[in-house]
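In listed order, ligands and their atoms are each counted from 1.
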Amino acid sequence: MIELYRCSVRSENQVLTVMNEVKGRKGKVVIVSGPSGVGKSTICKEVVKRLDNVYLSVSVTTRPKSENEVDGDDYWFISEQEFQERIDKRLLLEHAEVFGHLYGTPKDKVEEALQSGRTVILEIDVQGAKQAKVIFPDAIMIFILPPSAKVLAERIDHRGREDTEDAEERLDEAGTEIAAAWQYYKHMVINEDLQQAVSECVQIIESASSES
Ligand code: 5GP
């Protein structure tokens with residue numbers, strides 16, 4: 001069933017439709033990606049606390065909710081059928097299958113935030129980032145790196161959210177994502193020290209915003 005939804009790149013028409021719908025926007029878009037377990041969500045939440053007028057997009061996903069997650073806060077947890085309906089109704093800005101589950105960015109909230117001049121942060125994977133970059137060519141692209149493969153493995157393990165097989169898959173995928181990242185992301189931030197990584201992201205966003 002999941003094969004039906006597999007999508008890494010949208011058709012030109014789909015992209016044009018989304019572009020038309022979000023035109024007239026005033027705010028900036030920031031795309032934050034990085035391997036699973038690198039600490040992207042924590043960094044993004046901290047960045048939002050440090051900057052004014054920022055909206056952190058909440059994605060929809062078909063992944064099961066883990067114990068510590070809150071529906072509507074971390075993600076909107078929905079069924080595959082609901083996800084497909086959102087694709088059909090063109091309610092998603094971008095979407096991708098990641099680790100066997102579907103993830104997507106709701107278009108309406110992003111549109112609303114951009115039109116009111118807010119900076120929008122999208123914490124999405126590399127496939128989604130490629131789609132979003134077509135819609136927002138001037139997006140600020142940040143990729144978060146772990147200090148080492150060993151540290152990343154430990155973080156995924158300590159998080160304890162995945163079983164061993166899933167954790168291994170996430171670790172294997174990290175190498176591929178990092179290799180792809182050098183082509184697409186202008187800014188690379190190493191998350192060795194959380195506060196420092198947050199400060200670097202804040203600096204990148206502030207200086208990119210003042211350039212335009
Ligand atoms: P996790 O299951 O660890 O929360 O997320 C798995 C991956 O999906 C992460 O790389 C995360 O950035 C990505 N992701 C989360 N939301 C979205 C989204 O809306 N679109 C895309 N393309 N990827 C997402």
Within the protein, residues bringing a heavy atom under 4.0 Å of ligand 1, chain by chain
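Within the 4.0 Å shell of ligand 1, which is judged on heavy atoms, sit Lys40, Ser59, Arg63, Tyr75, Glu94, Ala96, Val98, Tyr103, Gly104, Thr105, Glu123, Ile124, Asp125, Gly128, Arg161, Arg170.
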Do you know which of Arg63, His95, Glu94 makes side-chain hydrogen bond (donor to acceptor under 3.5 Å, both in side chains) with Tyr103?
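Exactly one option meets the side-chain hydrogen bond (donor to acceptor under 3.5 Å, both in side chains) with Tyr103, and it is Arg63.
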For the backbone of [Y] and the side chain of [X], can you confirm whether one donor and one acceptor N or O come within less than 3.5 Å of each other?
X	Y	answer
Glu46	Gln195	no
Thr62	Ser79	no
Lys107	Leu92	no

Ion pair check, Glu173 and Arg170, cut-off under 4.0 Å
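Salt bridge between Glu173 and Arg170, a charged N being under 4.0 Å from a carboxylate O: no.
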Under a 3.5 Å cutoff, is there a donor and acceptor pairing between the side chains of Glu200 and Gln196?
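There is such a pair (donor and acceptor under 3.5 Å, judged by atom type) between the side chains of Glu200 and Gln196.
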